[in-house]
Amino acid sequence: MKYNYSEIEQKWQKKWEEANIFHAETGSPKPKYYALVEFPYPSGAGLHVGHPRGYTAMDIISRKRRMEGYNVLFPIGWDAFGLPTENYALKTGIHPRVATDANIAHFRQQLKALGFSFDWDREIDTTDPNYYKWTQWIFLKLFEKGLAYKSKALVNFCPNCKVVLANEESQGGVCDRCGSQVVQKEKEQWMLKITAYAQKLLDGLDEVDYLPRIKMEQRNWIGRSEGAEIDFAISGSDEKLRVFTTRCDTLFGATFMVISPEHQFVDKFKDRIENYAEVEDYKAFAAKKSEFERKMQTKDKTGVELKGVKAINPATGKEIPIYISDYVLNNYGTGAIMCVPAHDTRDWEFAKKFGIPMIEVISGGDIEKEAFTDIENGTLVNSDFLNGLTVKQAQEKMFEFLAEKNIGEKKINYNMHDWVYARQRYWGEPVPIVHCEHCGMVPVPYDQLPLELPVLEQFRQSETGESPLVHADEWVNTVCPKCGRPAKRETDTMPQWAGSSWYFLRYVDPHNNDALASEEAMKYWLPVDWYNGGMEHVTRHMIYSRFWHRFLYDIGVVPTKEPYAKRTAHGLILGEDGQKMSKSRGNIVNPDDIVRDYGADTLRTYEMFIGDFEKPAPWSDDSVKGCKRFLERVYNMTDMLIDGDECRPDMASKIHKTIKKVSDDIESMKFNTAIAALMTLINDIYAKGSVNKAELSIFIRLLCPIAPHICEEMWEKIGGEGFASMAEWPKFDADKLVDDTIELPIQIQGKMRGKIIVPVDCDEADAVELAKKEVADKIEGKTIVKVIYIKNKILNIIVK
RNA sequence: GCCGGAGUGGCGGAAUAGGCAGACGCACAGGACUUAAAAUCCUGGGACCUAAAAAUCGUACCGGUUCAAGUCCGGUCUUCGGCACCA
């Protein structure tokens, strides 16, 4: 019989929908399971073949869980605010709302065609006012607690287009549209104080089950470093200059200091700085540099000495010069550093260039050639009371010294910066704040949420880079919620990360009008049991959403500290040329074509069989055909069907081993070997020429999560009860996993020389007897000096 | 620079509490079926030397531990990813 995938797939998708079997019921007595995938950005290009990789994987997990008796929540929605849609609107004049609705409709149809077992009753859309009402609500809570604030921050600005650009629009320091150099411009921006949660985000990682590399990347991103803050007195003044250092042990070697170009110290000592004009020039020079240029010049240090002002090294009591240089960042530590050229590479380069003396305080290197930065080896020298100590010991001693003199203490710093939480764009959530001349920044009252995005005809930013919303006069001009006098609305919108920072909460109770979700639903479903997505979202999206979730926990809104109990990540699907798929390379594969030509089950099977799930894998049209062939062989098993309520004795061991292998492999996301095991089993069945009903029933259920449509069809054919998707997951019988006899490899001097058939758990003596016969010609005339026998594994004979 | 992966046939990839390297699939070759082709089914296969077998060599490279190493240890190279003038 012909495998008519198209007919079968449509038939079962319709049946699933009519029976609504994938609906998740809050409060069901069954154990709950919350499986989550990253919701897509509904772009105009439609679904990418990369989407089904992660989606199929979690669909397999969800379907297996249902078969294991869980109440499964597997939801989907749309992360629909964002730049590409707005840019499309600018180009075509089609309103983002219209484009978004069309794109969502397209994506929905594509996802349905792939047979994912989503609960479509819980579909959400971040651009729906009923959704972003709660995004705004969370923002107001953050504002209330002082975690949302306005501050000057650097933005990418194109001086030619007079537009603020997102990072992805200014790659390589060049404007995406006109190609001119992007400059860093200071602008008042909304910021979220995520740094206040740095330690909590770090500690939370100990409680969750993420892949090790994911935890590593998050720790790296947070970037905790332990050190000390130390005050340096300024000669002839009561003022102090405070620095952060991780190497307080090298204090005796600090021969100069450097402050960032933006440091307020310059203003404070304006009158004493003899070369003030030169310093001002340097500040202007540094401000002009783009982020890109600053990164380019990591080797060549620039800077200017602040003449007429000296600091005093608190350890040596000696005067040292102060420089201003852009290799010191204003937004890390205190914006000022003590410089130990003998033991820090950057300080070394700076000192060499400016002819500043070096003092070796850790022996073990050659500081004429390069800075000696090894902290494991080396002994303190030229350091008075620290001499002879190791770095670790010296640090402890130094902390005591700082405390005694009251000039510093231990301090922990984080590389992570506060989150720039504003875009000068139209297609995003409006920030629900009103600016009043009398009352300052006033939050929009909660009962006036959602603050809806006004319908605009025109989406260009203003000449100065303000949001297009400044053109919406009627919307911008409002009254102050506090004093009732005329006031203006905030025109910046939220970044794309906003809606995705809490969407998993909304799924548990998506139609709630009184809360982001009911307590009952959150208590039942949270945390997310398993979250899979791309590696590219492991830092920003995940850190942002963990931050919001932890904040909501702290104010008593959500019941768990961490949102995601487990997180895995899939690799990219590359083009057939091994390169990342892109329009310009012309190596894009459209999933619609594959579904049309081979079927959804084949696409699903192929994407799971393509290779190691966690690694990138190149697409191969030929391999797709191989998977189609496999499913045809599966389908044709109905022609070899015979009666039987139990696995036949000669098949039992093979089948039960496959049950175990497939069950285990799915749990560890080794989908490729799970499918390989099913292929091996079907080869055995073909070799035998027949399959009985019991055997086929097991096979169908094992394959069902991976290729559900064909399995439903066959389940119906063999008279299975209900849906295969809801049938019981097969269990293996441990007794049936072992065979009566095994093939035992024989080695001589550790080299493979033959095989013998022996009973399981065969005695050493019996095995050796048999082995001697098998390899008689090879040991003839030699003496056996030693025999290594590992039961059921190997027999190694050592001869002389 | 720092941190973390990864290097296995023509290709995608299997196999690590050390125990038959190359499962499974693709591509390829041969056979069956067919007037023929496609499809399907069956068979074959790391390299080298062969009529065939045996032997030898083979998991990036060099060395080590062991009866036995893709797997462990020391070093080197290549490559991918993350962070990055972070003091």
Side-chain angles (χ1 to χ4, degrees), chain A residues 2 211-225 227-228 243-248 250 257-258 260 294-295 297-301 325-329 331-340 343-347 349-350 373 413-417 535-536 538-539 571-572 578 605-606 609-612 614-627 629-630 632-633 636 670 672-683 686-687 689 743-755 777-778 785-790 792-799:
Chain A
K2 198 179 169 332
L211 291 181
R213 62 187 171 131
I214 295 176
K215 284 193 183 185
M216 191 206 79
E217 278 194 21
Q218 294 200 4
R219 289 202 177 102
N220 220 329
W221 175 275
I222 296 167
R224 177 187 155 110
S225 73
V243 302
F244 172 71
T245 179
T246 52
R247 295 296 304 276
C248 64
T250 61
M257 300 181 82
V258 175
S260 73
R294 277 179 86 150
K295 276 180 187 163
Q297 312 188 341
T298 50
K299 276 273 144 59
D300 190 24
K301 300 278 181 289
S325 171
D326 64 0
Y327 85 90
V328 173
L329 307 174
N331 57 2
Y332 183 76
T334 62
I337 61 171
M338 66 176 216
C339 300
V340 185
H343 305 289
D344 180 278
T345 313
R346 294 148 306 182
D347 298 348
E349 283 161 8
F350 194 88
T373 56
N413 261 313
Y414 301 92
N415 280 356
M416 187 169 68
H417 295 163
M535 252 344 254
E536 69 276 19
V538 151
T539 45
L572 230 51
T605 305
Y606 171 64
F609 188 63
I610 190 169
D612 185 338
E614 288 177 29
K615 296 208 187 91
W619 184 267
S620 159
D621 276 334
D622 283 331
S623 290
V624 175
K625 286 177 199 154
C627 290
R629 207 171 292 159
F630 165 63
E632 276 164 352
R633 279 161 77 83
N636 288 336
K670 289 160 118 186
N672 52 341
T673 47
I675 293 166
L678 289 166
M679 287 173 168
T680 307
L681 181 58
I682 208 169
N683 288 344
Y686 267 71
E743 214 180 27
L744 187 74
I746 308 301
Q747 295 184 333
I748 296 172
Q749 322 289 67
K751 295 198 169 173
M752 262 295 295
R753 284 297 181 264
K755 285 173 187 176
D777 52 324
K778 298 190 178 83
V785 280
K786 197 176 175 187
V787 169
I788 294 126
Y789 178 60
I790 311 290
N792 304 330
K793 277 260 160 119
I794 204 143
L795 178 66
N796 190 4
I797 300 170
I798 313 300
V799 293

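Lettering of chains follows the sequences in order, A, B, ..., and the numbering in each one begins at 1. Only a predicted model underlies this, so the values are computations on that prediction, with no experimental measurement involved.
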Does [X] reach a base, just sugar-phosphate, or nothing at all? Heavy atoms under 4.0 Å.
X       : value
R224(A) : nothing
P616(A) : sugar-phosphate
N413(A) : nothing
G626(A) : sugar-phosphate
S620(A) : nothing
K215(A) : nothing
N415(A) : base
D347(A) : nothing

| Pairing residues for Y332(A) by the side chain to side chain donor-acceptor pair (under 3.5 Å) criterion, not counting sequence neighbours | S225(A)

| Which residues pass the side chain to side chain donor-acceptor pair (under 3.5 Å) test with K615(A), sequence neighbours left out? | D612(A)

Look at the side-chain N and O atoms of [X] and state whether any lies under 4.0 Å from the OP1 or OP2 oxygen of [N].
X       : N      : result
Y332(A) : A87(B) : yes
R633(A) : C41(B) : yes
R629(A) : A39(B) : no
S225(A) : A87(B) : yes
N220(A) : G81(B) : no

Of all the choices, [options], which nucleotide is nearest to the side chain of [X] once you look at every atom?
X       : options                : result
P618(A) : A23(B), G13(B), C42(B) : G13(B)
M216(A) : A87(B), A23(B), G81(B) : G81(B)
L329(A) : G12(B), G19(B), A87(B) : A87(B)
K301(A) : C26(B), C85(B), A87(B) : C85(B)
T680(A) : A55(B), A14(B), C24(B) : C24(B)
P745(A) : A15(B), C20(B), G25(B) : C20(B)

| message | Run the salt bridge (charged side-chain N to carboxylate O under 4.0 Å, His left out) test on E614(A) and R213(A) for me, step by step, so that the C-alpha distance in whole Å, both residues' side-chain angles and the decisive distance to 0.1 Å come before the verdict. | response | CA-CA 11 Å; E614(A) 288 177 29; R213(A) 62 187 171 131; 3.7 Å; yes

| note | Contacts of A687(A) and T334(A) projected onto RNA chain B by closest heavy atom; the upstream (5') one is A687(A)

| So which one's nearest nucleotide on RNA chain B is more toward 5', G335(A) or M679(A)? | M679(A)

| On a whole-Å scale, what distance lies between the P atoms belonging to C73(B) and G5(B)? | 12 Å

| query | Paired with G19(B): which nucleotide, if any, by Watson-Crick or G-U wobble criteria at under 3.5 Å for both distances? | reply | C67(B)

Can you name the atoms? Protein N/O to nucleotides 64-71 of chain B N/O, anything below 3.5 Å, with the distance.
| from | atom 1 | to | atom 2 | distance (Å) |
| --- | --- | --- | --- | --- |
| C67(B) | O2' | N796(A) | ND2 | 3.4 |
| C67(B) | O2 | N796(A) | ND2 | 2.4 |

